[in-house]
Amino acid sequence: IRLDMQLIDTINNDVSYKFIGTNNEDILCLSDENGLFDFLVDSTYNENSVPYFCFMAILVMLVFVEFNLQNHNHRTKYVFIFSLFLFTLFVGLKGWTGMDVMMYYENYQEAPTLGEFVLGRYSKDWYTDFEIGFNLFEVLAKTLGMSYWQFQFVYVLIDSIILFYFFRRETNYCVLALLIYFIWWG
């Protein structure tokens with residue numbers, strides 16, 4: 001870990017913490033005894049933004065393809081399907097990229113299986129940070145034996161299917177809508 005060890009010693013003396021994970025050795029996520037997260041970000045974290053900018057550049061190019069096809073009265077459905085496929089792969093398989101991954105990862109690790117959930121055998125803090133539907137989906141995924149990474153991909157796949165039907169119904173510029181969605185929520 002490329003963080004200043006003196007900083008870690010200072011943290012160690014001030015609070016007790018649990019090491020949660022790293023993000024390409026640039027972020028150290030710590031959790032105190034209350035489950036509160038601290039993220040220590042190294043100055044090289046901006047390198048993790050490069051894949052996002054590249055993906056946005058690809059989407060911008062596909063937006064221009066979509067506009068060009070629309071102007072010549074061609075169908076743009078396949079351009080949108082290709083864009084959504086790339087979106088699903090990029091977001092669903094992003095690994096440790098992004099500041100929120102560690103928080104979701106920790107929450108998934110604490111999620112109970114369906115049997116534990118029904119019997120009330122889970123941490124009372126587990127379900128407080130996220131929506132109930134998301135928590136129930138975590139319970140289902142844990143019950144099916146999915147790893148966090150499988151859960152993340154399936155979740156993004158379901159999102160992509162919903163986005164496909166919504167954007168196709170609501171706009172003629174689906175790739176542009178996907179780009180805006182990615183910038184806003186990606």
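Given the structure is predicted, the values throughout are model-derived calculations rather than measurements.
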List the steps and the verdict of side chain to side chain contact (heavy atoms under 4.5 Å, CB included) for V175 and T76. CA-CA 9 Å; V175 180; T76 60; over 6 Å; no
Given the rule in the side chain to side chain contact (heavy atoms under 4.5 Å, CB included) test, do V91 and F182 qualify, once you have shown the distances and angles that lead to the verdict? CA-CA 9 Å; V91 178; F182 179 74; 4.0 Å; yes
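E138 is linked by a side-chain hydrogen bond (donor to acceptor under 3.5 Å, both in side chains) to N107, W126, counting only residues two or more places apart in sequence or in another chain. Legend: residues meeting side-chain hydrogen bond (donor to acceptor under 3.5 Å, both in side chains) with N68, ordered by chain and number and at least two apart, are H72. Applying the ring pair (Phe, Tyr, Trp, His ring centres under 6.0 Å) criterion to F130, with sequence neighbours excluded, gives Y104, F134. Qualifying side chain to side chain contact (heavy atoms under 4.5 Å, CB included) partners for I180, counting only residues two or more places apart in sequence or in other chains: L176.
Between F67 and Y173, the ring planes lie perpendicular to each other; the angle is over 60°, past the 30° to 60° tilted range.
Rounding to the nearest 0.5 Å gives a distance of 14.0 Å between CD of E131 and CZ of F137. Between the CG atom of N135 and the CD atom of E110 there is a distance of 11.0 Å, given to the nearest 0.5 Å. Atom-to-atom distance recorded for Y52:OH and I183:CD1 is 13.0 Å, nearest 0.5 angstrom. Here the OG-OH distance, from S147 to Y105, works out to 8.5 Å after rounding to the nearest 0.5 Å. Within the model, atoms OH of Y78 and CD of E66 stand 15.0 Å from one another, a figure rounded to the nearest 0.5 Å. In this structure, CZ on R75 lies 11.0 Å from CD on Q70, to the nearest 0.5 angstrom.
Taken together through direct or relayed side-chain contacts under 4.5 Å among Ile, Leu, Val, Met, Phe, Trp and Tyr, L140 and L119 form parts of separate hydrophobic clusters.
With contacts defined as side-chain heavy-atom distances shorter than 4.5 Å, the pair Y148/V101 qualifies.
With F151 as the aromatic partner, K142 does not meet the cation-pi criteria of under 6.0 angstrom to the ring centre and within 45 degrees of the ring axis.
The minimum heavy-atom distance between P112 and R121, with the atom names listed, is CB-O, 4.2 Å. Residues Y122 and F117 approach most closely at CE2-O, 3.5 Å, considering heavy atoms. Here the closest heavy-atom approach between residue A177 and residue T171 is recorded as CB-CG2, 4.1 Å.
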Return a table of donor-acceptor pairs under 3.5 angstrom between the side chains of residues 153-169 and protein atoms on other chains or two or more places apart.
unit_1	atom_1	unit_2	atom_2	d
S160	OG	T88	OG1	2.7
S160	OG	V156	O	3.0

Check: residues 58-65 side-chain donor-acceptor pairs under 3.5 Å, at least two apart:
none

